[in-house]
Every structure is written in C-alpha cells, then in structure tokens.
Engineer: 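Take a look at the following structure, please.
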Amino acid sequence: MVRVRFAPSPTGALHIGGVRTALYNYLLARQQGGTFILRIEDTDQGRYVPGAEDYIIESLRWVGVIPDEGVGFGGDEGPYRQSDRKEIYQKYAHELVQRGHAYYAFDTPLELENRRQAEEHFTYNHLTRSALINSLTIGEEVSKRRIATGESFVIRLKVMPGRSIHIQDLIRGDVVFESSELDDKVLLKADGMPTYHLANIVDDHLMRITHVIRGEEWLPSTAHHVLLYEGFGWEATMPKFSHLPLIMKPFGNGKLSKRDGAKFGIPVFPLAWKGETAEESFDGFREVGFLPGAVVNFLALLGWHPGGDEDIFSMEELIQLFSIEHIGKGGARFDYEKAKSFNQKYIHAMDDAALATLVRPLVEAKGYQVSDAFLSRAISLMKERVTFLTDFVETGYYLFEPVRVYDEETLQKRWNGDIAAVFAELTEKFATFDLFKAPDLEEAVKAFIQEKGMKPGDILPLLRIALVGTMKGPAVFETAEVLGREETVARLKRMMDNQSVKS
RNA sequence: GGUCCGUUCGUCUAGGGGUUAGGACACGUCCCUUUCACGGAUGAAACACGGGUUCGAUUCCCGUACGGACUACCA
C-alpha cells in the first residue's frame, strides 16, 4: 500500500514549488489507491509563523490536492504536527546513542561558530570530533553527569568513514556518497527539538511512508537519512526516494524564490499572503484570477510529462497518467506566459453558468448588482478575450458601469460635425427599435449608414467607443444587445455630450 | 572551495542508435473579422562541446564547459 506525505514547514506562505511537490505525492497516492498525508514540520520554533499552517491547508484545498490524513484531516498515525511529537524524537535519539550510532555533543553554537571563523571549511565530522567536546571524547559517564546538571547538549549522528552509500533514486538512478565526506549532523537540538533529519526518518518510519517525493535540495542529505534508517535497523522498510528537479526563476539564474513574485510582478504562491508589512505580503494565483485546474495542469507539466503531444489534463487524467519514471531531471523554468495560456484555455473551456458562479463574487465585490441572466450574457461576450477571471470585471468593467475613459485618439481622428449630426440621428433610431437583438441592430444600422452615404468605418468605431470607450472589445451589436436599449441610448447621448463640451 | 545533480527550439517538453527531431507557450506572416480577441493556416526556432563504442550517434560511455542544489543546533 502506497503511503506518501507532503511535509512543509510552516514558515510562511507555501511557495508554488511546494504545491507541485504536494501534487506529485497526491497523484501517486490517488493512482495507487494509497494514502496522502499532510505532516507539518514545525521543529524550528524560531521560524514558526502563525497562520502558515492554515494557509497551507487552504492552498491544498484550493488546488484540490486533499490529504487523506494529517493536520486538519484526521488519521490514525498522528499527531501529524512535529511539535506534538517531541518526546518521540527524544526517545529515538537516545536510542540511537545506545546503539552506538549517535553521541552527545556539548560544543556551544558560539564555539563552533568561532571554529568556522578560524578554519575555512570546518565541519563536525569523523576527523574533527575527537578534538571536540562530546561523549566520545569525555566519556559516557561524564556526559551523563553534565546532562544531569542541566547543561545543554545536542545529539549528533556518528558517521563512520570508509563506506560508499548508494541511493536508488527513482528519478536519478544510482547516486553514491562516500561516508567520509559526510558530517556528523545534529539530530536533536539543544532545545530538545529534533532537526529535520531525525524527525523526517522517525516519522516516515512510524507513519509507514513508502515513497518520499521531495525537492532536489534534499538529495545531498539523503545519505545521512539512509544511515539513520540503518542505525535504527529500519532498512527493510526504508521508503523509495524520488528527488524532483527544482523550479527555476522566470528570468536570470537560480531557483524560484518567494521574492521573485514581487520582483517580476507575478504570483509565485497559490493564495495571497498578508504579512506584517507590504514587503511581506504576496499575491496569489487565486486572487490574480487563476482557475485551480489551470494551475494544477501547469504545475504538473513543470518537470513531468506523460509522453505524446497532449498537454491539457484534468486532475483525473493526471492521476491516471502520472508516473515517477516520466519525471524530468533538469530544473524547469517557471514560465508565467505558459501559466496564463493554460488559464485562458481553461476559462474558454468552461461553460458560462459555471463561470458565472466564479465571477459573481468578483462582480459583487466591486459593488455591482446584476441578474444571473445578465451576468451570463456578459460572460459569454467577454469570455474569448480574458486571461484571468478578474478580467471580467477589470477589462470588462464597462459591462457593469458607465464608460470611464474614451479612446480620445480615435475620437479625434473620426469625430467631426457631419458625423455628429449622423450620430444624433442614429441615437434617435436606437431609441425606437422594437427588437433589441444584435442581428437586427446590425442590419438596421448598416442600412442607415448606407442611406447616409457613409461607410461602416465612419460610424462603427465611434459606436464602439460610445459603448465601451475603447477600440478593444466585444462585437458592437452584441454589446448593445447585452447592455439593452436604455443603456445603449444613454451611452450614445453621453458621448455626444462629452464631444460637444470639447468643441 | 568541497560533495552531489543536471544539460533537446527563447520557455515547458516528446522522442530515442538509422526520424523531414514532434507538440505546446511566446514570436513572425496570412485568412477570418471594418475593433480586440478567439479560431484556422503557415514560418522561423533545438539535440552544449570534444573524444570514444558502433556500419551508424541527439540517443550508450568518458571527459570538458556551463547551469543548479547542498555545505546551520533551517527546513
């Protein structure tokens, strides 16, 4: 039975790379009929950020990556918050010392810091530990006594040199590390909390995790993890590892970071995050107007592809097609243009009614009040020209309120005395049409234009500007129909007033 | 610096010893449309480099270059 976990640290907003990691774990679990667990890794009390946990949960819900077990989702293998498991780690850490695979160390952070200052590349390892203060050098008895007096200590992994540690990564194949190159990682910190390395192994074992799918940044420490499994005698049930390629910045070098969102003016978080300051607050895909399905599709393909020429996949299809073997090895650049295009496609593919339920809250947030019928017509009018849900009320604001600005350049080019007279007459005509349907309007208006000896190009652009203010917009007669006769006539009059004031 | 990972169009990628190296995004041109967009057609655009192995390498191996991650009592 497949059991996988997503184990974020609640240090702030969950970055999009984390969402992808969660997604891949989820896809494997769903496909294999397994279990997907959310575990909160809050062992660094200094970096804990209130609200981050809720943010993570809400983000996963939004993208539809729902845990089967975990913080906020129940389950029998809890607690799923590491700060609630403190005693468990302590027990295992001491057990590892008993087994001879770890030791107590008393060197203070300051002492070690000084060593690093003095020595270029100082590391706490098999070479240096014999000259440091730990239970290996001062003895078990003395150590016990010092601990009993309340002196602070850490527990470190005792890495024995001279071994080649092989990792069979499902994505990268055989990866080898020499144990003599590994440092004696801290397992239990002076505050009694475990480090990631210890907590991760203990929890994965206790929670019977079968596959660890995580970011590539963990690959270098995986050898330590293997040593830990061996030290505890858990080799037989050690999970299989898969290290995902990193998501890179859209421009420049390096992996995508939280700051890149503000830097490039793009969202890099699923949901908006309100920090203490504006500097600490970020936009989210949801608030920008993305559909969760589009985000999932985009993210799924950032580092994975099932093969073939298809690239639009629903969650159900992703679950069916997903396979670790098809995950790429190289870092994938975050391409916002691509994300937008997915969103546009997803909006196009959605029917008006479904779209209306998503757009209505945006409409109401702007203070507009519209009927379902009107909203649905407005949506079908704008649908082909929006990228984001928010475009319906931003770009297409003119469907809900009077025109804010007129395209003066075009107006200046086309508006003149003759046109003004014809326009006034046309306005009268609009007021008298019985049927206010696009095809009828078009026919009547075009006939009128011809009658006046003018060309469509003389009138239509102006009509458009009167209705929506800009040369970019939905079909004129369709727009007039949606707006209705009253509003259409009002807008025509308003523009004439606007023009007469100027002259 | 050390350790480890990686490298197919600008980007995400498919493919894999013999292919006109395929798709998508973005970009160019045309069609549709007296707007914008959508849609359709079309174009330009890639196997990092050098050695092997092989009848034949983009594909396998080794180097080089370049990129990346890690190198905390952070995860």
Side-chain angles (χ1 to χ4, degrees), chain A residues 7-11 18 41-47 82 105 107-109 112-113 116 120-124 152-156 167 169 171-173 175-178 180-183 185-197 199-200 214-223 243 245-248 250-251 253-255 298 301-312 326 328-342 344-345 348 382-387 395 407 410 446 455-461 463-465 468 470-476 479:
Chain A
S9 181
T11 54
E41 309 225 332
D42 58 344
T43 54
D44 184 351
Q45 43 202 97
R47 291 210 304 157
Q82 291 185 328
D107 319 87
T108 65
L112 295 176
E113 185 49 40
R116 288 193 186 94
E120 194 74 39
H121 299 297
F122 170 77
T123 35
Y124 207 122
S152 76
F153 67 98
V154 299
I155 291 180
R156 283 181 182 270
I167 293 154
D169 188 280
I171 295 172
R172 291 154 209 287
V175 180
V176 195
F177 293 89
E178 294 307 318
S180 35
E181 305 277 1
L182 272 29
D183 64 334
K185 287 237 179 294
V186 169
L187 264 20
L188 196 72
K189 299 183 269 188
D191 65 0
M193 279 294 203
T195 57
Y196 170 85
H197 308 292
N200 164 65
R214 75 221 311 190
E216 191 184 1
E217 68 267 28
W218 295 109
L219 190 49
S221 56
T222 305
H243 289 94
L246 266 14
I247 296 179
M248 315 302 281
F251 310 101
N253 304 125
K255 69 169 177 178
F298 167 67
L301 262 27
L302 223 46
W304 170 85
H305 197 283
D309 288 343
E310 208 57 47
D311 59 4
I312 297 291
H326 279 95
K329 297 181 176 70
R333 200 178 278 277
F334 180 90
D335 182 2
Y336 190 56
E337 290 305 315
K338 189 100 173 186
K340 288 199 293 192
S341 114
F342 272 114
Q344 193 178 42
K345 287 186 181 183
H348 291 348
M382 289 302 293
K383 196 169 156 181
E384 300 298 313
R385 39 213 121 213
V386 303
T387 301
T395 314
D407 176 350
T410 307
K446 282 187 173 167
K455 290 178 304 230
D458 297 327
I459 298 295
L460 264 28
L463 197 50
R464 173 185 308 285
I465 289 174
V468 302
T470 163
M471 286 304 289
K472 300 175 183 176
V476 227
T479 307

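Labels below follow one simple rule: chain letters A, B, ... track the order of the sequence lines, proteins then strands, and each chain is numbered from 1.
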Engineer: Can you tell me the base-pairing partner of C60(B)? Count Watson-Crick or G-U wobble geometry only, both distances below 3.5 Å, and say none if there is no partner.
Structural biologist: G52(B)
Engineer: State which residues pass salt bridge (Lys or Arg N to Asp or Glu O under 4.0 Å) with D183(A); sequence neighbours excluded, sorted by chain then number.
Structural biologist: K185(A)
Engineer: Show me the protein contacts with nucleotides 25-30 of chain B, counting only N or O atoms at under 3.5 Å.
Structural biologist:
{"from": "C25(B)", "atom 1": "OP1", "to": "K345(A)", "atom 2": "NZ", "distance (Å)": "3.2"}

Engineer: Do V468(A) and T479(A) make a side-chain contact, defined as non-hydrogen atoms from C-beta onward lying under 4.5 Å apart?
Structural biologist: yes
Engineer: Between F251(A) and Y336(A), is any pair of side-chain heavy atoms under 4.5 Å apart?
Structural biologist: no
Engineer: Under 4.0 Å between any heavy atoms, over every strand shown, what does T108(A) touch: base, sugar-phosphate, or nothing? Just pick one.
Structural biologist: base
Engineer: Find the partner of U19(B): check Watson-Crick (N1-N3 plus N6-O4 or O6-N4) and G-U wobble (N1-O2, O6-N3) distances, both under 3.5 Å, and reply none if neither fits.
Structural biologist: none
Engineer: Could you check whether G46(A) gets within reach of a base, just the sugar-phosphate, or nothing at all, counting any heavy atom under 4.0 Å?
Structural biologist: nothing
Engineer: In Watson-Crick or G-U wobble terms, both distances under 3.5 Å, what is the partner of C36(B)?
Structural biologist: none
Engineer: Could you tell me whether the side chain of R385(A) has a donor or acceptor atom within less than 3.5 Å of a complementary atom in the base of C38(B)?
Structural biologist: no
Engineer: What string of B, S and - do you get for nucleotides 2-8 of chain B, 5' to 3', when a contact is any protein heavy atom under 4.0 Å?
Structural biologist: SSSBS--
Engineer: Main chain of E217(A), side chain of H243(A): is a donor-acceptor contact present, judged purely on distance under 3.5 Å?
Structural biologist: no
Engineer: Judged by atom type as modelled, is there a donor-acceptor pair below 3.5 Å linking the side chain of S9(A) to the main-chain atoms of E41(A)?
Structural biologist: yes
Engineer: Hey, could you give me the CZ/CG distance between F342(A) and L301(A), rounded to the nearest 0.5 Å?
Structural biologist: 5.0 Å
Engineer: With a non-hydrogen cut-off below 4.0 angstrom, is P109(A) in contact with a base, only sugar-phosphate, or nothing?
Structural biologist: base
Engineer: Under 4.0 Å, heavy atoms only, any strand: does P245(A) hit a base, just the sugar-phosphate, or nothing?
Structural biologist: nothing
Engineer: Please give the nucleotide sitting opposite C70(B) as a Watson-Crick or G-U wobble pair, both distances under 3.5 Å, or none.
Structural biologist: G2(B)
Engineer: Does R333(A) make a side-chain donor-acceptor contact with the base of U11(B), cut-off 3.5 Å?
Structural biologist: no
Engineer: For T395(A), is there any backbone N or O sitting under 3.5 Å from a side-chain donor or acceptor partner on K472(A)?
Structural biologist: no
